[in-house]
Structure formats: structure tokens, C-alpha cells
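Reviewing the structure listed below.
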Amino acid sequence: MSDGFASIDIILFAMLAAYLVFQLRRVLGRRTGNERRVDPFAAPEDAEKNARGESAADNVVPLPDRTQQGIEDGSFEEEEEPETLAAGLMRLKRADPSFDEKEFTRGAKAAFEYIVGAFADGDTDRLRPLLSPALFGGFASEIQRRDDAGETLETTVSSVRAADVIEARLNGAMAEVTVEFTSDQVKVARDAEGEVIDGEPDKIETITDIWTFSRDTRTDDPNWQLVATRVPEE
């Protein structure tokens, strides 16, 4: 009987893993093999320019101590007047009739937890397909800094309270959707000796992050990538 229950557990876990991958692909898509190659030896901002052929603007990677690190990314162009969310969603849906805000938000929540976990684990292989080249450069640099210092980051997302689309716009053919996440997290950074240098192991923090995803509506590739992260202005 115990062998039978073990087999059922294995099947249930396999189904759960397949569901998570399916949800991530709905919002972030999948690699098609047609993406432009990026020079791995270029600086992050140069890599993004090479990949997208566009000018750069500042993005931010929030680090474990909640400070901000500037990252260059070529996905944004300043508009003369800000566009309302409703108008932005309407334009986006005209360019991509398959876009569904509710489905996107559900997938974005799964992606948020997945990326936060991969960053804490220092798993660049998991991060690479989900981030733009420039943003990946920022994440990878911080992971390398932690490794060099012997530091570790432990992050547990207790819950994602809210995931609200706050901006949507179409820059040329590039669709950009910005989501504000409010989550409960336990974050602890430790030094090489295992001593806590930031955060509290027994304290749950309510954290707000603002992430922007982007995809090219001219292609059949459903791939959405995370292109910018920031924290709300105080």
C-alpha cells in the first residue's frame, strides 16, 4: 500500500510542476530559437542595445538591502503625455487581440515568485530566459558579488497579496505591461560565517515591487520578458 501512495504522490507533484511551467509560459512565453544573439562580453547596456537596436533608458534592480542599482535597457521611450491605463490596454489589444489581462496577471504572479526564488538561489540558468539581456546582467552581477563575498540570500514569499496592472502601452510594436506586486516576504542575507547582515529570519515584511514586462507584437513568438524593476517612490 505504501508503494501505491508513493506513486500517487509522484504523479501529483509532476502534475503541479507541469502546471507551473504552463502558467509561466502563458505570460513569459518560450524561446523559439529566432532571438538575436547578444555579445556576452559587452556591458549590460551595450548587450541590450545590440539585441534590440534601440536607445537606452534607466531601469532598476532592487537588491537585498532594498537599495537601487541602475541598469540600462532599450525598451522605453519617453512620451510627451502619459497615456491612461484604459487607453494603453485598448491600443495593446488592437495590436495583440490574444492579450487577456486576467490571464496575464495570473501568469505574472507565478513569474514573480519564480524569479524572486531563482534570484535568491543564485540560479542564473533559471533567470536567463525570463529577463531582458540588460536586466539579466544586473541580476547576474549581484549574484556574482554575493558568491565572491560568500554571502547567501534566503527569500520566502509567504503570499502575493495583489498583482495589479498599473500601466500598459505600445511603443511602436513593443507591448509593455507594468504590474505592481504587493507580497509578504521573509528575506535574510547572511555573510560567509552565516551571520545575519540584513533582514530578520522571523519577520515577515510587506513589500511592493513594480515590474515591467515586454514583448514584440510583430512576431508570433508569445515570449514576454521582464525588462524593468523598481520600487515605488517614497
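At least one side-chain heavy atom of Thr124 sits under 4.5 Å from a side-chain heavy atom of Phe136. Side-chain atoms of Val231 and Thr208, non-hydrogen and from C-beta on, never get closer than 4.5 Å to each other. Using a 4.5 Å heavy-atom threshold, the side chains of Val196 and Asp191 count as separate. For the pair Ile115/Leu127, a side-chain contact is recorded, criterion being any heavy-atom separation below 4.5 Å from C-beta on. Val160 is not listed as a side-chain neighbour of Thr182, based on a closest heavy-atom distance of 4.5 Å or more. Residues Lys187 and Thr156 have side chains not in contact (no heavy-atom distance under 4.5 Å, counting atoms from C-beta outward).
When every heavy atom of Val157 is checked against every heavy atom of Ser183, the shortest pair comes out as CG1-CB, 4.4 Å. In terms of heavy atoms, Ala149 sits closest to Ala192 at O-CB, 3.8 Å. Closest approach of Pro129 and Gln225 over heavy atoms only: O-NE2, 3.9 Å. Listed here is the closest heavy atom pair of Ala228 and Leu135: N-CD2, 3.8 Å. Residues Ser158 and Val186 come closest through the heavy atom pair OG-CG2, 4.5 Å.
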#### Entry: Steps toward side chain to side chain contact (heavy atoms under 4.5 Å, CB included) verdict (Gln185, Glu205)
CA-CA 5 Å; Gln185 300 183 29; Glu205 296 182 79; 5.5 Å; no

### Message
Before you tell me yes or no, could you show the steps for Ile166 and Val179 under side chain to side chain contact (heavy atoms under 4.5 Å, CB included), namely the whole-Å CA-CA distance, both residues' side-chain angles and the distance that decides it to 0.1 Å?
### Response
CA-CA 6 Å; Ile166 59 172; Val179 182; over 6 Å; no

### Message
Between Asn171 and Arg169, does the side chain to side chain contact (heavy atoms under 4.5 Å, CB included) criterion hold? Intermediate values first, please.
### Response
CA-CA 6 Å; Asn171 281 338; Arg169 61 179 179 176; 3.7 Å; yes

### Arg218/Asp216 under salt bridge (Lys or Arg N to Asp or Glu O under 4.0 Å): CA gap, chis, key distance, verdict
CA-CA 5 Å; Arg218 293 170 298 189; Asp216 189 341; 2.9 Å; yes

### Task
Test side chain to side chain contact (heavy atoms under 4.5 Å, CB included) on Val188 and Thr155 and set out the steps.
CA-CA 7 Å; Val188 181; Thr155 302; over 6 Å; no

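Look at Arg145 and Glu151 and you find a salt bridge, because one of the NZ, NE, NH1 or NH2 atoms lies within 4.0 Å of a carboxylate O, short of that distance. One finds no salt bridge joining Arg190 and Glu195 here, because no Lys/Arg side-chain nitrogen approaches an Asp/Glu carboxylate oxygen to under 4.0 Å. Using a 4.0 Å cut-off between a side-chain N of Lys or Arg and a carboxylate O of Asp or Glu, Lys109 and Glu180 do not qualify as a salt bridge. The residues Lys93 and Asp100 are annotated as not salt-bridged, no charged nitrogen and carboxylate oxygen being separated by less than 4.0 angstrom.
Judged by distance alone, the side chain of Asp123 and the main-chain N or O of Arg126 form a donor-acceptor pair under 3.5 Å. Judged by distance alone, with hydrogens and angles left aside, the side-chain atoms of Ser214 form a donor-acceptor pair with the main-chain N or O of Ala175 at under 3.5 Å. Arg230 places no side-chain N or O within donor-acceptor distance of the main-chain N or O of Thr212, the cut-off being under 3.5 Å. Thr229 places no side-chain N or O within donor-acceptor distance of the main-chain N or O of Trp211, the cut-off being under 3.5 Å.
Between Phe104 and Phe99, the angle of the ring planes lies from 30° to 60°, which puts this pair in the tilted group.
Side-chain contact, Thr206 with Asp184: a donor N or O sits under 3.5 Å from an acceptor N or O.
Heavy atoms from other residues, nucleotides or ligands lying under 6.0 Å from CD1 of Ile204 number 12 at most. At most 12 heavy atoms of other shown residues, nucleotides or ligands fall within 6.0 angstrom of atom CG in Asp220.
Atoms CZ and CH2, on Arg215 and Trp224 in that order, are 6.0 Å from each other to the nearest 0.5 Å. With rounding to the nearest 0.5 Å, the separation of OG in Ser132 from CZ in Phe139 is 9.5 Å. Rounding to the nearest 0.5 angstrom, the gap separating the OG1 atom in Thr84 from the CG atom in Leu89 is 8.5 Å.
A cation-pi contact, defined as under 6.0 Å to the ring centre and within 45° of the axis, links Arg146 to Phe119.
Hydrophobic cluster membership is shared by Leu131 and Leu153, with clusters built from Ile, Leu, Val, Met, Phe, Trp and Tyr side chains linked at under 4.5 angstrom. Under the 4.5 Å side-chain heavy-atom criterion for ILVMFWY residues, no single connected hydrophobic cluster contains both Leu226 and Ile210.
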